[in-house]
Amino acid sequence: MIANAARRYWRRGVIVLLLLALLLAALWYTVENPVSQLFGPTITRVPLRQKYIALTFDDGPNPPYTTEIVDYLHQQHVRATFFVVGRAVQRYPEVVRQEVAYGNAIGNHSWTHAHLVLESRAHIRLQLVRTDDAIRRATGVHTTLFRPPYGARDFAVISVARSLGYKVVMWSVPLPRDWTNPPPQVIADRVLKYTGDGSIIVLHDGNQGLPGDRHSTVEATKLIVTALRRRGFHFVTVPQLVRLGYEVHKAPAGPNE
C-alpha cells in the first residue's frame, strides 16, 4: 500500500512539473517570442525578395567596444541601428553622437534595461521618456524606434510605446547569445545560418547599459559583414529597410490617382 501511494505521488509530481513546463513555454512564447503579434504589431522581418538586411546592436553604448564597432562599420560604409540604454547614453553621449554622425539610426531600449512586463504603465513610460530625453540631449535626434529589453512585451508595453509614437522593433534571426562571449566565429555562424532577404539581426555591443567585455561581438561583426557581403547583401538601417518593404508592396497608382 505504501509503495502504491508513493508511486501515485511520484506520478502526480511528474504531471505537475510537465504542466508547469508547458505553462512556462506558453508564457515565453506570448511574452518574449520575437515573432508573436499577440499584443500588437511589431517589426520582425521585412518581406523583401531583395538582398537587404538590417544589422542592429543592443545595450550600448559601451566603449571601447561600441566605438570599435562604429568605426569599423564606417570604414566599410555599413549603416546599422543602435538600440541604446538611457543610463549608458547619459554616461557616454559622445559615442551616441558618433553613431548618428556616421549615418546610423538610433532606437530606444529603455533607461535601465528593465523587464518592462513587470512594471506599471507609469514606470514603462518613464523608462522610455527618460531615454528619449537623453538621446535628444546627446544628438538632437528624436527616435521613433523602440525595442523592449529581452524582447518582453505585453499589452501595456505595446500600448505605452505606441502612445509615445514608437514603432516596436523585434528581430527575425535567432539571438546568437553573443553576450555570453562565445568565440567570434560561433557568433557569426549562428547569425549567418538564419539570415535572408529582409532579415533583422541583433548583436550586443553593451551589457544592459553597463560596462561589459564585448570583444567577441566586435570580431564577430567583422566576420558577419564580410560573409554577408560575399553573398551579395546590402546593409541598411531599420527605417530604410521598412521603407524598402513599403515601396515594394504598395499598390500601383490607378489612372485617376
Side-chain angles (χ1 to χ4, degrees), residues 33-35 42-62 64-84 95-96 98-107 109 143 145 147 151 167-206 212-249:
N33 189 316
V35 302
T42 63
I43 300 168
T44 56
R45 175 185 170 274
V46 176
L48 288 172
R49 292 185 179 178
Q50 298 171 293
K51 288 186 175 295
Y52 289 95
I53 54 176
L55 183 60
T56 72
F57 294 86
D58 286 4
D59 291 10
N62 175 36
Y65 307 103
T66 301
T67 305
E68 291 175 16
I69 289 170
V70 171
D71 286 342
Y72 169 76
L73 296 178
H74 183 60
Q75 292 164 8
Q76 297 298 315
H77 306 288
V78 170
R79 292 182 177 179
T81 304
F82 290 84
F83 288 89
V84 295
V95 179
V96 187
Q98 184 183 32
E99 291 170 353
V100 171
Y102 284 170
N104 300 293
I106 302 296
H109 200 43
T143 180
L145 307 177
R147 176 173 286 155
K167 300 178 181 69
V168 181
V169 181
M170 302 298 284
W171 57 88
S172 59
V173 176
L175 298 178
R177 298 184 62 82
D178 55 322
W179 61 88
T180 64
N181 285 319
Q185 191 62 60
V186 171
I187 299 171
D189 289 343
R190 290 172 179 174
V191 169
L192 297 172
K193 180 179 179 181
Y194 296 100
T195 300
D197 298 353
S199 288
I200 298 177
I201 299 166
V202 180
L203 295 171
H204 294 77
D205 61 314
D213 182 357
R214 290 294 179 263
H215 173 77
S216 289
T217 298
V218 174
E219 297 307 312
T221 299
K222 299 174 184 178
L223 295 172
I224 291 166
V225 169
T226 300
L228 291 177
R229 275 189 159 166
R230 286 175 181 164
R231 296 185 191 178
F233 283 101
H234 305 280
F235 294 88
V236 295
T237 64
V238 168
Q240 288 170 334
L241 191 68
V242 171
R243 283 196 296 271
L244 284 167
Y246 173 75
E247 290 168 1
V248 167
H249 291 91

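Side chains included, hydrogens not; waters and symmetry mates left out as well; all remaining heavy atoms used.
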Taking every heavy atom of Pro184 against every heavy atom of Ala220, the minimum-distance pair comes out as O-CB, 3.6 Å

Taking Thr143 for the side chain and Ile106 for the main chain, is one N or O donor matched with an acceptor at less than 3.5 Å?
yes

So the side-chain hydrogen bond (donor to acceptor under 3.5 Å, both in side chains) pairs with at least one residue in residues 71-82 (sequence neighbours excluded) are Asp71-Gln98, Gln76-Arg229

Quiz item: Side chains of His204 and Asp178: donor-acceptor distance under 3.5 Å anywhere?
Solution: yes

Is there a side-chain contact (heavy atoms from CB on, under 4.5 Å) between Thr221 and Leu203 once you walk through the steps? CA-CA 8 Å; Thr221 299; Leu203 295 171; 3.6 Å; yes

Could you tell me whether the side chain of Ser199 and the main chain of Thr195 form a donor-acceptor pair under 3.5 Å?
no

| Within a strict 4.5 Å, meaning less than it, do heavy atoms of the Arg231 and Leu192 side chains meet? | yes

In short, Val46 meets Gly245 closest at the heavy-atom pair CG1-CA, 3.5 Å

Are Val225 and Leu73 side-chain neighbours, meaning at least one heavy-atom pair lies under 4.5 Å?
-> yes

Any side-chain heavy atom of Arg214 within less than 4.5 Å of one from Asn62?
yes

Heavy-atom nearest pair, Thr237 first then Gly103, reads CG2-O, 4.0 Å

Short side-chain to backbone donor-acceptor contact, Thr180 and Arg177, under 3.5 Å
yes

Between Val95 and Pro61 the two heavy atoms that sit nearest each other are CG1-CB, 3.7 Å

Heavy-atom closest pair (Asn104 atom, Val78 atom, distance to 0.1 Å) is OD1-O, 4.1 Å

### Message
Can you confirm whether more than 12 heavy atoms, excluding those of Lys51, are under 6.0 Å from its NZ atom?
### Response
yes

In this structure, CD1 of Ile53 is separated from CG of Leu241 (nearest 0.5 Å) by 9.0 Å

Could you tell me if the side chain of Asp205 sits less than 4.5 Å from the side chain of Phe82, heavy atoms only? yes

| field | Side-chain heavy atoms of Ile43 within contact of Val242, under 4.5 Å | value | yes

* **Side-chain heavy atoms of Asp58 within contact of Phe83, under 4.5 Å** => yes

For the residue pair Tyr102 and Val70, establish whether any side-chain heavy-atom pair is separated by less than 4.5 Å.
-> yes

- Arg45 (side chain) donor-acceptor with Gly196 (main chain) under 3.5 angstrom: no

Rounded to the nearest 0.5 angstrom, the CZ-CD distance for Phe57 and Glu99 is 9.5 Å

The complete set of side-chain hydrogen bond (donor to acceptor under 3.5 Å, both in side chains) pairs with one or both residues in residues 183-193, sequence neighbours excluded, reads Gln185-Asp189

Test side-chain contact (heavy atoms from CB on, under 4.5 Å), reference Phe233, set Leu55, Asp197, Ile224, output is Asp197

Applied to residues 215-226, the salt bridge (charged side-chain N to carboxylate O under 4.0 Å, His left out) test, sequence neighbours excluded, yields Glu219-Lys222

Sorted by chain and residue number, the side chain to side chain donor-acceptor pair (under 3.5 Å) partners of Thr42 (sequence neighbours excluded) come out as Gln37

| Val202 and Met170: side-chain contact (heavy atoms from CB on, under 4.5 Å), yes or no, with the steps? | CA-CA 9 Å; Val202 180; Met170 302 298 284; over 6 Å; no

- Is it the case that Arg147 and Thr56 place a side-chain donor and acceptor less than 3.5 Å from each other? yes

Does any non-hydrogen side-chain atom of Leu228 lie less than 4.5 Å from one of Ile201?
yes

Those residues at least two apart in sequence (or on a different chain) that pass ring-ring contact (aromatic ring centres under 6.0 Å, His included) with His215 are none

Applying side chain to side chain donor-acceptor pair (under 3.5 Å) to Ser216 and not counting sequence neighbours gives none

Ile200 and Trp171 have their tightest heavy-atom pair at O-CB, 3.6 Å

